[in-house]
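Heads up: the structure comes next, in C-alpha cells.
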Number of protein chains: 2
Amino acid sequence: MIPLTAAKAKEARVAEQEQAAGRGSSTRDRLIDSAVRLFGEKGFEATSLRAVTDAADSNVAAVNYHFGSKEGLLRAVIDGTMRAVNEERRRRLDELEARSPVPSVAELVRAFVEPGVALTTGHGVNGSVVERFIGRMMGESDPRVRQIFADQVDRVEGRYLAAMARALPGRDEGDVRFAYTSMLGLLSLHQSGVFTAVEWPRRQTSGAQREGSEIIESERLVDFITGGILSLFSGESSR
Amino acid sequence: MIPLTAAKAKEARVAEQEQAAGRGSSTRDRLIDSAVRLFGEKGFEATSLRAVTDAADSNVAAVNYHFGSKEGLLRAVIDGTMRAVNEERRRRLDELEARSPVPSVAELVRAFVEPGVALTTGHGVNGSVVERFIGRMMGESDPRVRQIFADQVDRVEGRYLAAMARALPGRDEGDVRFAYTSMLGLLSLHQSGVFTAVEWPRRQTSGAQREGSEIIESERLVDFITGGILSLFSGESSR
DNA sequence: ATCCGTTTGAAACGAGTGTTTGAAACGATC
DNA sequence: GATCGTTTCAAACACTCGTTTCAAACGGAT
C-alpha cells in the first residue's frame, strides 16, 4: 500500500520536473537540473548530495553511477550551462570583428555581458536559475571549483583579452587584465543574486517586477563596466 | 618525557604567535588571529573549528568557552576587524563634509575604498590577512554570515548612501544603490584575493612586488569605480 | 595549605558528509 | 522465456563536523 502511494507521488513529481526541464527527463537530466538550482542557491560545498538527489527524486548512488562523484556532477553541470554562453559570446565577437577590425570597448563589454545576463532562452523554462548558478560559481572559493570553471571560461577569454588590448592601445597586460577581471567580477556579483535578491537587508523586491527590469539592470551593468574601464585608462576621474 | 617536549613545542609556537599578534596573546587572542587568517583563506563554512584551534594551539572546547559557538567566534572576529575600517570611513566622511557640503563622487569613492585597501596599519603585523578576511566575508553566501557582516556595515552605509545621493542629484534610490553595491562588490572581489592571488590560472605573481603595487591597485580600483558610477549616471558610454 | 572561580584539555556524542556495495528491477536481444 | 548489460535503490561505511561533558590544572584570596 504505502510503496504504491510513494511510487505514485514520485511519478507526479517526476512529471512536474519533466515539465520544468522542457523535455523527457532521465534520472541524469533531473539530477543536473536539481544541481543547477541548488548549487546556484546555496553554493557547491554547502549543497549536500542528498539534497540534490531528493530534489531529483533519486538517490545518492545514482550520482556516482552517472557522474562518478560530486565533482563529476559539478563538471557536467558547468559544461552544460557554460557551453551555450561561451558559444554566444564567441559568435558575437566574430560578428563584431567582422564589422570592424577593432571593436570599441563598449561593444566588447556588451558582447560579453549580455549573453550572460539574458540567457533565458535556450536553457529550459527559466534561465535565471542558470544565471544564478554561473554567477555563484564565478565567486566560489574552492580551488577545485575555480579550476573546473576556469577550464570552461578559458575558451573565450583569450580572444576577449586580445580584443580588449587592441581597443585600449598602449597599455600593459596588467591593466587590460584588471579591466577584464573587473568585468567578470561585476557580472558574477550581478548574476549570483548578491546584488538584487539577498542584498544588504533592506526592502526585499517582491519579485513581481521581473520583466523589463532585467533589461534595465543589464544596461546599468554595461554602462558601469564600460565607464569604469574607460576612466581606468584615461585616469582623470579622480586625480 | 613526551608530554614535556610537547609542552615545549607548544610554548615555542605560542611565542611565535605572540610575536605575530604583536602583543601578549591569551588563548582568546590566538583563536581570533587564527580565525581571521583561516576564514579569510578558505571561507567560514569551509574552515573547521579544529583547523582554527590547531593553528592557535588550543582545542575546540576553548572556542565554545570564549565565544559560545563557531558563529560567536565569527561575530567576534568581524567586530574586531570591521570596527577600525568603519571608524576610518566615518572619519574621512566627516572630513569631506566639513570641507564641502556636497563632496564629489570621486572623493566619496576614495574615502570608502582606501580605508578598506590600506588598513595595513593598526591591525597587527600584516593587515593583508585582515583585508582578505573582510573581502571574503563580503562575498560569503551563508545568510548568517551575511547578517552578521551587514550588522557592522550598516553603521556607515546609511550616511554613505545619503552622501552619494547628494553627489548624484536627480536619480532615484535604485540607481544610487546600484552604484553603492557595485563599489562594495568590486572592493570585496579585490580584497578577497580572487582578482590577484588565485586568479584564473595564468602566471602567479611572485609576491615580491608587494609594496608600491598595492597603491597602484588601489588607484585602479578608485578610478574604475568612480568612472563606472559617473558613466552610469551620464549614460552615454554605450548608447 | 585550602578554597574557589576561571580556564584548559581529552574524550565522546549525535548528526551529516561523500562514497561504496550488493542485490533487486528494468528493457532489449536472442 | 531466459539472458544480458544497464540502471535504480536501500543500506552501510568511514569520516568530519560543531557541540557537550567532565575532570584536571591554574592562580589569587583567605
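All values reported here derive from a predicted model rather than from experimental measurement. Sequence lines set the chain letters: A, B, ... in the order given, protein chains first and strands last, and positions in each chain run from 1.
Atom pair B/Asp142:CG and D/dC17:P shows a separation of 16 Å (rounding to whole Å applied). C/dG18 atom P lies 10 Å from atom CZ of A/Arg144, rounded to whole Å. B/Arg50 places its CZ atom 14 Å from the P atom of C/dC13, with the value rounded to the nearest Å. One interatomic measurement links the two molecules: CG of A/Asn59 to P of C/dT21, which rounds to 16 Å at whole-angstrom precision. Put simply, CG on A/Asp29 is 12 Å from P on D/dT7, counting in whole angstrom units. Distance, B/Asn64 CG to D/dT19 P: 5 Å, rounded to whole Å.
Sorted by first and then second residue, the pairs that involve residues 43-64 of chain A and meet ring-ring contact (aromatic ring centres under 6.0 Å, His included), not counting sequence neighbours, are A/Phe39-A/Phe44. Here ring-ring contact (aromatic ring centres under 6.0 Å, His included) pairs that include residues 45-64 of chain B, with residues two or more places apart or in two chains, number zero.
Residues passing the side chain to side chain donor-acceptor pair (under 3.5 Å) test with A/Asn59: none are found, sequence neighbours excluded. With sequence neighbours excluded, no residue forms a ring pair (Phe, Tyr, Trp, His ring centres under 6.0 Å) with A/Phe67. For B/Gln152, the side chain to side chain donor-acceptor pair (under 3.5 Å) partners are B/Asp79, not counting sequence neighbours. When the side chain to side chain donor-acceptor pair (under 3.5 Å) test is applied to A/Arg28, no partner is found at least two apart in sequence or on another chain. Annotation: salt bridge (Lys or Arg N to Asp or Glu O under 4.0 Å) contacts of B/Glu88 (sequence neighbours excluded): B/Arg91. A/Asp142 pairs by the side chain to side chain donor-acceptor pair (under 3.5 Å) definition with A/Arg144, not counting sequence neighbours.
Note on the helix from C/dA1-D/dT30 to C/dC30-D/dG1: terminal axis deviation equals 20°, with five pairs used at each end and the result rounded to 10°.
No engagement by A/Val63 is indicated, since no non-hydrogen atom pair under 4.0 Å with the nucleic acid exists.
Across residues 66-76 of chain A, A/Ser69, A/Lys70 each have a non-hydrogen atom less than 4.0 Å from an atom of DNA chain C (numbered order). Applying a 4.0 Å cut-off to non-hydrogen atoms, the residues of residues 42-49 of chain A that approach DNA chain C are A/Thr47, A/Ser48, A/Leu49, listed by residue number.
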Strictly under 3.5 Å: I want the nitrogen or oxygen pairs between protein and nucleotides 21-28 of chain D, one per line.
none

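Not one side-chain nitrogen or oxygen of B/Thr27 sits closer than 4.0 Å to the OP1 or OP2 atom of C/dT7.
In this structure, A/Tyr180 has its ring center no closer than 6.0 Å to that of A/Tyr160.
Residues B/Arg90 and B/Arg159 meet the side-chain proximity criterion, which asks for heavy atoms closer than 4.5 Å.
Atom-to-atom distance recorded for A/Arg136:CZ and A/Ser188:OG is 9.0 Å, nearest 0.5 angstrom. Here B/Thr181 contributes atom OG1 and A/His190 contributes atom NE2; the two are 11.5 Å apart, rounded to the nearest 0.5 Å.
At a cut-off of 3.5 Å, with distance as the only test, a side-chain donor of A/Thr27 or A/Arg30 sits close to an acceptor on the other residue.
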